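Within every chain, numbering begins at 1; the chains are lettered A, B, ... in the order of the sequence lines, protein sequences first and strands thereafter. Just so you know, these numbers come straight off a predicted model, no measurement behind them.
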2 protein chains.
Amino acid sequence: MADLAKIEEIRRFNRHYANILGKIDQEIYHKPYPLSEARVLAELYGKTGITATEIREKLGIDRGYMSRIIQKFEDDKLIAKKQAPSDKRQHLLHLTGSGEKVHLALVDEANKEVAKMIDSLTPHQLDQLTSAMHTVEKLLTHEEPQALSVLIRPFQPGELGYVSYLHGRLYNKAYGFSELFEYYVMKGLSEFLMDRQGGELWIAEVDGEIAGSIAIARVDGHTAQLRWFVLDDRFQGQGIGKSLMNTALAFCQAQNYRHIFLWTVHILEAARHLYSKYGFECTEQKPNAEWTDQELIEERWDLELVLH
Amino acid sequence: MADLAKIEEIRRFNRHYANILGKIDQEIYHKPYPLSEARVLAELYGKTGITATEIREKLGIDRGYMSRIIQKFEDDKLIAKKQAPSDKRQHLLHLTGSGEKVHLALVDEANKEVAKMIDSLTPHQLDQLTSAMHTVEKLLTHEEPQALSVLIRPFQPGELGYVSYLHGRLYNKAYGFSELFEYYVMKGLSEFLMDRQGGELWIAEVDGEIAGSIAIARVDGHTAQLRWFVLDDRFQGQGIGKSLMNTALAFCQAQNYRHIFLWTVHILEAARHLYSKYGFECTEQKPNAEWTDQELIEERWDLELVLH
DNA sequence: CGTTAGTAGTTGACTTAGTCAACTTATTTT
DNA sequence: AAAATAAGTTGACTAAGTCAACTACTAACG
């Protein structure tokens with residue numbers, strides 16, 4: 001059960017949005033046709049030879065009501081019927097010229113109403129709005145059951161900066177790491193940028209957002225160091241770390257590295273657990289007093305790769 | 001007039017969301033009371049002594065309908081009336097115990113319905129959902145006419161990485177700048193991090209997002225260099241650059257710098273225009289062949305500050 | 001102070017949008 | 001060929017809400 005505060009928030013949004021929609025409807029649709037009828041008209045637009053039942057099923061309208069809507073539209077000369085050749089019970093419907101005109105006028109009204117709603121927004125805000133709407137729509141249409149689309153790919157221009165941002169922010173927020181740590185990360189990354197022979201850095205991208213990273217750096221012909229393994233806290237615990245690790249280790253295999261090691265600190269429990277699951281073993285410990293107030297213990301973990 | 005494609009998108013979302021809301025309503029409310037009546041009940045909950053008209057005005061309900069709703073609730077013993085002491089026409093309304101129960105049951109139903117709607121989402125997706133909803137709500141409630149809330153503030157842990165990300169991504173995308181440029185930015189920033197005596201770097205934050213940055217670095221007692229002036233392309237042309245510049249120059253005044261200079265490249269037209277508007281003058285040019293394929297011309301611009 | 005205008009709430013008559021079930025006609029299944 | 005099913009029609013009904021006239025009261029003005 002998702003937590004109640006979120007649900008209340010969503011309900012608040014629902015109420016709010018119902019209001020907005022209500023206002024729009026009122027302004028537009030009370031004009032000549034009620035909403036359901038306008039929707040039937042919209043459904044007919046651009047198609048020819050659709051049947052009443054097809055529309056009914058799509059819009060969820062009662063049979064009797066539908067029949068009367070069709071009659072009314074016929075009386076108003078908005079649509080024309082033709083008996084279906086294949087089934088004499090059905091009629092193929094299509095809009096007449098004035099039906100199209102009426103539909104377009106309704107659409108136009110609706111557009112004007114929406115335009116009024118957004119006319120004070122800057123282009124950037126408009127982008128924000130539509131992208132937020134897409135997010136809502138995508139999340140609430142669980143046609144794609146829920147699988148995050150996680151993409152692991154080599155880094156692109158500028159993204160090393162983002163990796164250092166992730167490190168600096170996360171470790172400061174969670175453990176109070178100092179600027180010295182941030183410096184150490186940035187310096188390492190900028191050196192890596194200039195010399196990454198035999199190494200690579202991957203970005204985990206989730207729905208276009210950067211969620212985390214991992215890197216392999218060459219030490220010597222047989223030895224690689226695993227570095228810059230980080231995951232935005234919002235994306236933790238969803239198997240993305242594992243995907244990153246798999247990518248990095250597969251790369252090591254392909255490059256024929258035999259030994260892989262990494263440096264971490266003892267307080268990173270989740271990471272240590274993952275390392276040991278992949279067969280890494282802690283081989284060295286040393287104190288570090290620079291990065292944070294509490295005494296840290298840096299640890300070196302090693303993994304021997306078996307040849308395939 | 002905002003462009004039509006966006007409007008159509010928004011209308012699509014409206015239709016879609018109207019559908020979702022419709023489904024929820026149907027499931028819940030057809031039970032004992034229609035939506036408007038449930039809303040009246042909700043309005044009464046937690047308050048005592050509210051009058052019918054107050055509710056009417058808030059919910060936009062017709063007088064006659066309201067009167068009958070109240071009667072029905074009274075018959076069902078959900079509410080009780082008391083004559084208002086100040087005005088013998090009005091009644092002060094309050095829920096009875098069973099009224100509260102009924103309301104809470106309705107809320108509970110609604111919550112369950114929403115929970116069903118979101119039960120396949122991960123916590124992160126749920127965050128995305130509510131934050132997208134907030135965005136929509138905020139943008140469509142133009143109580144704050146439209147002014148972006150731009151906050152200019154000193155950088156926080158990790159954010160220098162983000163600044164380098166902005167540089168790397170923007171200049172690569174727009175002008176094809178190479179990794180060498182990115183390296184140059186990261187290196188400079190990491191050095192600045194360790195020694196920023198007499199300098200500062202500011203972040204422009206828009207709605208919690210990092211939109212851009214500017215920095216002042218000390219050169220000598222009287223001379224400062226303006227660096228790392230960048231703005232995410234989505235936020236350009238909205239006066240944020242100006243705010244950043246004002247902040248930086250005010251800092252220079254406060255620190256008693258007399259000379260400010262900066263290095264830029266000739267292709268950055270918008271920036272050059274801003275510099276000259278603030279009184280900077282181009283004092284030196286030199287070719288740069290490292291950062292991009294085309295021959296770049298680096299320019300030094302200087303500004304003498306007048307003492308106050 | 002009394003008149004007038006306005007407000008809170010009530011009531012009856014009405015409308016809109018939609019539902020339900022019975023029915024006709026045609027088609028498909030057995 | 002009979003039975004079951006589907007498309008569309010029709011009459012009767014209802015829920016939800018609107019409109020206008022009315023009563024009882026209050027506030028504002030001269």
Side-chain angles (χ1 to χ4, degrees), chain A residues 18-19 21-23 25-44 49-76 79-94 106, chain B residues 18-19 21-23 25-44 49-76 79-94 106:
Chain A
N19 248 331
L21 291 177
K23 266 178 208 147
D25 285 356
Q26 264 181 354
E27 307 253 348
I28 307 164
Y29 286 112
H30 268 261
K31 303 280 162 69
Y33 299 100
L35 202 132
S36 306
E37 301 183 11
R39 291 177 70 196
V40 171
L41 222 46
E43 216 45 56
L44 283 162
I50 192 170
T51 69
T53 301
E54 283 171 297
I55 297 176
R56 261 190 358 88
E57 278 173 1
K58 183 149 178 200
L59 303 184
I61 291 179
D62 170 82
R63 273 212 304 271
Y65 188 27
M66 186 68 192
S67 173
R68 272 184 269 259
I69 290 175
I70 297 291
Q71 276 168 35
K72 185 170 158 200
F73 283 168
E74 253 193 307
D75 290 351
D76 293 357
I79 64 170
K81 279 193 204 172
K82 229 182 6 198
Q83 227 185 30
S86 60
D87 185 334
K88 279 187 228 151
R89 291 169 308 179
Q90 321 192 88
H91 300 130
L92 303 181
L93 306 174
H94 57 97
L106 285 172
Chain B
N19 246 331
L21 291 176
K23 267 178 208 148
D25 285 356
Q26 264 181 354
E27 308 253 348
I28 308 164
Y29 286 113
H30 268 260
K31 304 280 163 69
Y33 298 101
L35 201 132
S36 305
E37 301 182 10
R39 292 177 70 194
V40 171
L41 221 47
E43 214 47 55
L44 284 161
I50 191 170
T51 68
T53 301
E54 283 171 298
I55 298 176
R56 256 188 5 86
E57 279 173 359
K58 185 148 176 203
L59 302 184
I61 291 179
D62 170 83
R63 275 212 302 271
Y65 187 27
M66 187 68 191
S67 174
R68 271 183 271 258
I69 291 175
I70 297 290
Q71 276 169 34
K72 184 171 160 200
F73 283 168
E74 251 193 309
D75 291 351
D76 293 357
I79 64 172
K81 280 192 203 173
K82 232 181 8 197
Q83 228 187 31
S86 59
D87 185 335
K88 278 184 230 157
R89 290 168 308 176
Q90 321 191 88
H91 301 129
L92 303 181
L93 306 173
H94 58 96
L106 285 173

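Atom CZ of B:Arg39 and atom P of D:dA16 are 15 Å apart (whole Å). Whole-Å rounding puts the B:Gln90 CD to D:dT26 C1' distance at 10 Å. C:dT19 atom C1' lies 13 Å from atom CD1 of A:Ile69, rounded to whole Å. Rounded to an integer number of Å, the gap from CG of A:Asp62 to C1' of D:dC13 is 12 Å. Straight-line distance from the CZ atom of A:Arg56 to the C1' atom of C:dT19: 13 Å, rounded to whole Å. Here D:dA7 presents its P atom at 14 Å from CD1 of A:Ile50, a figure rounded to the nearest Å. Between the NZ atom of B:Lys81 and the P atom of C:dG9 there is a distance of 9 Å, rounded to whole Å. Rounded to whole Å, the distance from CE on A:Met66 to C1' on C:dT19 is 16 Å.
You'll find that the side chain of B:Tyr65 is closest to D:dA16, out of D:dA16, D:dC25, D:dG8. Looking at the side chain of B:Ala52, the nearest of the listed nucleotides C:dG9, C:dT27, D:dA12 is C:dG9. Candidate nucleotides D:dG17, C:dG9, D:dC25 were compared by shortest atom distance to the side chain of B:Asp87, and D:dC25 ranks first. Of the listed nucleotides (D:dG8, D:dA6, D:dT9), D:dA6 has the atom at the smallest distance from the side chain of A:Arg89. Taking every side-chain heavy atom of B:Arg63 into account, C:dT10 is the closest of D:dC19, D:dA7, C:dT10. Nearest nucleotide to the A:Lys88 side chain, out of C:dA26, D:dT18, D:dA7: C:dA26.
In this structure, NZ on B:Lys81 lies 6.5 Å from CD on B:Gln71, to the nearest 0.5 angstrom. Here the CD atom belonging to A:Gln90 is positioned 6.5 Å from the OG1 atom belonging to A:Thr53, to the nearest 0.5 angstrom. Taking CG of B:Asp62 as the reference point, atom OG of B:Ser67 lies at 9.5 Å (rounded to 0.5 Å). Taking CD1 from A:Ile79 and CD1 from A:Ile50, the interatomic distance works out to 11.0 Å, rounded to the nearest 0.5 Å.
When side chains are defined from C-beta on, A:Leu93 does not count as touching A:Phe73, because their heavy atoms never get closer than 4.5 Å.
Note on A:Ser67: a base of the nucleic acid sits closer than 4.0 angstrom, heavy atoms only. Residue-level contact check: B:Gln71 touches the backbone only, with heavy atoms under 4.0 Å from sugar-phosphate atoms and none from bases.
Looking at which nucleotide of DNA chain C each of A:Arg68 and B:Glu54 is closest to, the 5′-most match is held by B:Glu54.
Contact between the side-chain N/O atoms of B:Thr51 and the OP1/OP2 oxygens of C:dA8 is not found at any separation under 4.0 Å. Distances shorter than 4.0 Å separate none of the side-chain N or O atoms of B:Ser36 from OP1 or OP2 on D:dA16.
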